[in-house]
Asker: 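If you scroll down you'll find the structure; I have some questions about it.
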Amino acid sequence: MIIVDLLLALTIVLVAARCLYTSNLAESVVMFIVFGLLLSLVWVRLYAPDTALAEVAIGAGLAGALLLATLSQLHLTHAAKATAMARISLIIPVLLGGALGVSLLSLVQPAPGLSDLVMNNITQSGVEHPVTAVLLNYRAWDTALELAILMWAWAAQRALGPNLAWHGVRLQGLVLVYFSRLMVPLLALVAGYVLWQGAYAPGGAFQAGALLATAFILAFIVQQAQLGQANPAVIRRFIHHWAVKLLWLGGLLAFFVVGLAGLLLGYGFMGYAPAYAGALILAIEIAATFSIALILAALFTGEGRRYE
Amino acid sequence: MTVLLPGLVLLPLIAGGFAALFRQQGRWITLATGLGMLVMLVLLSIDAWGVGQYQGLWTLGGWERPLAIAWYLDDLAHLMLLLVGLVSLAIMAYAWFDTETSDHFWGLWLGGWGAMNALLLSSDLFNIYVTIELLGLVAVALVALSTKAGAAAAAMRYLIISLTGSMFFLLGVALIYGQYGRLDLIGLAEVVEHNWVTHLAWSIMLLGLLAKTAAWPLHGWLPLAHGRAPTAASALLSALVIKASFYLMWRFGVGPFAALSNELIAMLLALLGTMAIFWGSWRAWKTPLLKELIAWSTVAQIGYLLIGLAILFNPQSILTVSEQFNPSLLLFWLIAAHALTKAGLFLVAGNLILLTHSYQLKDQLAVLCNSPLTLWTLGLGSVALAGLPLTLGFIGKWWLIESSVALGQFWLLAPLILGGVFTLAYMGRLLQPAFEQRLLCQYAPKQSDGRPAECISERQLAWPLLAVPFILVLSVWVLALFPLYPWGATL
């Protein structure tokens, strides 16, 4: 196994270097996606399947799709040559990496942490999976703020300009259409499963939301490909309907309403009544899944001309 | 804990979410939110004056430290909440009347306000990382709102610096967790010890935060970003956003990492501060652009804050806290003075640009010759920025001078005193014509046929656009007159 790990580590460094130093932007994006996929393998090897799932769905999948969409709007295919300054600045990550390497040698063994506390309280947390317990119960405030970050990432993207319309290549042929007819319902189903199993196994709102967003994006691309047949951009209009927009904030609102209710009932801000913790966490996760899916999909589709 | 503290974070975040999604209603949502926030801040302050039931440690989620995320409210956090709230409200009032305010502004800054409040209250390393991530995102978007040439490039540069700073911070957090297995600041203060990992973690966190504060020599992004952002955004960024990362350095340096402080790091910070004062003032003296002058002045003023940090970090400093007096809080008044003055000055600059449609310093004379209130605001603002006696900045600077002398660091007197002189010098580039009253309109740009151009009067603007910056600047003078009990700054 050590040989696999070493190969993995070496490949990641090479892919990262290629991603940074190729002048072909399309190659750079593809390398970034490959980098994300390899990184998710590393997380698997580090026994962090939750992080691996999130990395592959969001880091490689959705971030890759967003980068490709961005690339399709740029009128250039090649990056400017790296300046001498950029080469010199490579010394910073090298120095930092060296310092981190040295510090690895002196880290305390066995690693101290809060794992014992997490496991000791897990019966009261409402879920069986420790990662979900941390994200949705012990440190729910962090997760609520993460949802806010996603919301404001969208707001920031909107602030950049009137619209990011999808100028992707006009896709042709029926393969994509049939493929997506199969995939979109399947993705929705898997998203539901990943969400549900988050209570006792790796999974949860972020991964499920990313899968659902992929379903939206796939349907959106097919819509764009079938211009003339279907009503174009019906997906985009659905996402931006005012009633659906309320769902965007659903995750944040669910966190805050439950958090304030906990405060008023005496369990502290962001606290749950232990008897209802499991149900409340599931409710928050469902709301968060829809929020994440819709916002991620909206980042990809843009608002359309209506707002220009 | 009643709903007051969570309310201060939740209200702007929820309202900001709605304002971002439903932009047409954004300004009305903001109005309601602003009033609600004002009420909560007043209630919080009344409580601090009397009972102080909100002060202290709050753990979230009904769990105990170190499993739970903790909030901590003390005088410093409370004063910062007030400062952020009042300056935000003033700038939003200005933006309300500024015809060039974008629809996007309201939702974005409400999110930034919520993020700042969450940051000020937080006492947990990872939670603080999440809040600076949100705040950084908002700050970059605010710069990108500008339609000015080069704003997009400035925003991109800011984004890269800001994200790199956040990543450095996160790396430090990971190392600290790896070493001590906990993230709460109070618990860490008890266990932190001298070793290679801790020193490395604290160094890279400090580096990231210094970059986000725009400390010399990591300041390159600031004049571009603050110089090209829309008016209200420049004011918010210079007055508040850079103070957030400074606040964190202050908190960590005297809190969990106090044991790591030594005279070397204090000396280093003092040197950076000195360089910032000299270099920032020099560039402000040379720049031909109005807003860049004010932005470079921010770089110089951060120098004072860094020297203040150096004094806090110096183990030799005497910072005895008595029941009524906390000497280190005097540094807060320097932050407040800069926030209020700089917000006012950026808003005045916005007014001038609205009137002249020019970013050049030399074109602003056409307005200044016929606009008494603008001139008064600039004059009072310049003196307040220089920190002359009778202004709030003087309280902070006097403490810096006193502490430097007490530490035997006499060389610090040079930047501390010269900095004020420099401030008057570069602000004088704008004000000097005003002193030569008779010549005023002759200095104004000539028309093509050689006749003097007509002076542009400030009266073309809605009165709140003139009143808000004047009040902001005036408050720096008025606050200095009142005894600032109960927050350890009775004069």
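Since the model is a prediction, treat every value here as computed from it, not as a measurement. Lettering follows sequence order; numbering is per chain, from 1.
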Asker: For chain A, which of Val197(B), Val9(B), Val138(B), Leu21(B) has the most heavy-atom pairs under 4.5 Å?
Answerer: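 Sorted descending by pairs with chain A, the first entry is Leu21(B).
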Asker: Given the options Gly262(A), Ala156(A), Gly271(A), Ala159(A), which has more heavy-atom pairs under 4.5 Å with chain B than any of the others?
Answerer: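 Ranked by contacts with chain B, first place is Ala159(A).
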Asker: Among Ala68(B), Ala20(B), Gly62(B), Gly61(B), who wins on heavy-atom pairs under 4.5 Å with chain A?
Answerer: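 Most heavy-atom pairs within the cutoff with chain A belong to Gly61(B).
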Asker: Who in residues 200-210 of chain B is close to chain A, using a strict under-4.5 Å heavy-atom cut-off?
Answerer: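 Residues of residues 200-210 of chain B touching chain A at under 4.5 Å: Leu200(B), Ile204(B).
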Asker: Taking side chain as everything from C-beta outward and backbone as N, CA, C, O, which of these in Val134(A) sits under 4.5 Å from a heavy atom of chain B? Side chain, backbone, both or neither.
Answerer: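 No part of it gets close to chain B.
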Asker: After noting the C-alpha distance and the side-chain angles of Leu5(B) and Phe269(A), does the key distance pass the side-chain contact (heavy atoms from CB on, under 4.5 Å) rule?
Answerer: CA-CA 10 Å; Leu5(B) 288 185; Phe269(A) 176 52; over 6 Å; no
Asker: Would you please go through residues 145-153 of chain A and name the residues with a non-hydrogen atom below 4.5 Å from one of chain B, in numerical order?
Answerer: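 Listed by number, the contacting residues are Leu145(A), Glu146(A), Ala148(A), Ile149(A), Met151(A), Trp152(A), Ala153(A).
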Asker: Considering only heavy atoms, which portion of Leu142(B) lies under 4.5 Å from any heavy atom of chain A: side chain, backbone, both, or neither?
Answerer: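 Looking at Leu142(B), nothing touches chain A.
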Asker: Checking side-chain contact (heavy atoms from CB on, under 4.5 Å) for the pair Trp242(A)/Phe22(B): CA distance, chi angles, key distance, verdict?
Answerer: CA-CA 8 Å; Trp242(A) 68 267; Phe22(B) 303 101; 3.9 Å; yes
Asker: Looking at side-chain heavy atoms only, is the closest gap between Leu117(A) and Pro66(B) below 4.5 Å?
Answerer: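 Leu117(A) vs Pro66(B): side chains touch.
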Asker: Between Trp154(A) and chain B, which part of the residue has a heavy atom less than 4.5 Å away: side chain, backbone, both or neither?
Answerer: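 For Trp154(A), side-chain heavy atoms alone lie under 4.5 Å from chain B.
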Asker: Could you list the donor-acceptor pairs under 3.5 angstrom formed between side-chain atoms of residues 174-188 of chain B and any protein atom two or more places apart in sequence or on another chain?
Answerer:
unit_1	atom_1	unit_2	atom_2	d
Tyr177(B)	OH	Leu114(A)	N	3.1
Tyr180(B)	OH	Glu193(B)	N	3.1
Tyr180(B)	OH	Glu193(B)	O	3.3
Tyr180(B)	OH	Thr198(B)	OG1	2.6
Arg182(B)	NE	Asp184(B)	OD1	3.1
Arg182(B)	NH2	Asp184(B)	OD2	3.4
Asp184(B)	OD2	Arg65(B)	NH1	2.8
Asp184(B)	OD2	Gly187(B)	N	3.1

Asker: With a 4.5 Å heavy-atom cut-off, do Asp142(A) and Tyr129(B) have their side chains touching?
Answerer: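 The answer is no, as the side chains (C-beta and beyond) never meet within the 4.5 Å cut-off.
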Asker: Below 4.5 Å from any heavy atom of chain B, which atoms of Tyr138(A) appear? Answer side chain, backbone, both or neither.
Answerer: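 Both parts, backbone and side chain.
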Asker: Does any non-hydrogen side-chain atom of Val130(B) lie less than 4.5 Å from one of Trp141(A)?
Answerer: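 When only atoms from C-beta onward are counted, Val130(B) and Trp141(A) do not touch, as no gap falls below 4.5 Å.
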Asker: Measuring from atom CZ of Phe18(B) to atom NZ of Lys245(A), what distance do you get when rounded to the nearest 0.5 angstrom?
Answerer: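 The CZ atom of Phe18(B) sits 11.5 Å away from the NZ atom of Lys245(A).
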Asker: Under 4.5 Å, heavy atom to heavy atom, which residues of residues 104-128 of chain B contact chain A?
Answerer: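 The stretch touches chain A at His104(B), Gly107(B), Leu108(B), Gly111(B), Ala118(B), Asp124(B), Phe126(B), Asn127(B).
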Asker: Can you tell if the side chain of Asn137(A) reaches within under 4.5 Å of the side chain of Trp63(B), non-hydrogen atoms only?
Answerer: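 A side-chain contact under 4.5 Å exists here.
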Asker: With a 4.5 angstrom heavy-atom cut-off, is it the side chain or the backbone of Leu264(A) that approaches chain B, or both, or neither?
Answerer: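 Interface part for Leu264(A): side chain.
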Asker: Between Leu260(A), Leu252(A), Asn121(A), which residue shows the highest count of heavy-atom pairs closer than 4.5 Å to chain B?
Answerer: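 Winner by heavy-atom pair count: Asn121(A).
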Asker: Under a 4.5 Å cut-off applied to non-hydrogen side-chain atoms, are Leu13(B) and Phe255(A) in contact?
Answerer: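 Side-chain contact under 4.5 Å: no.
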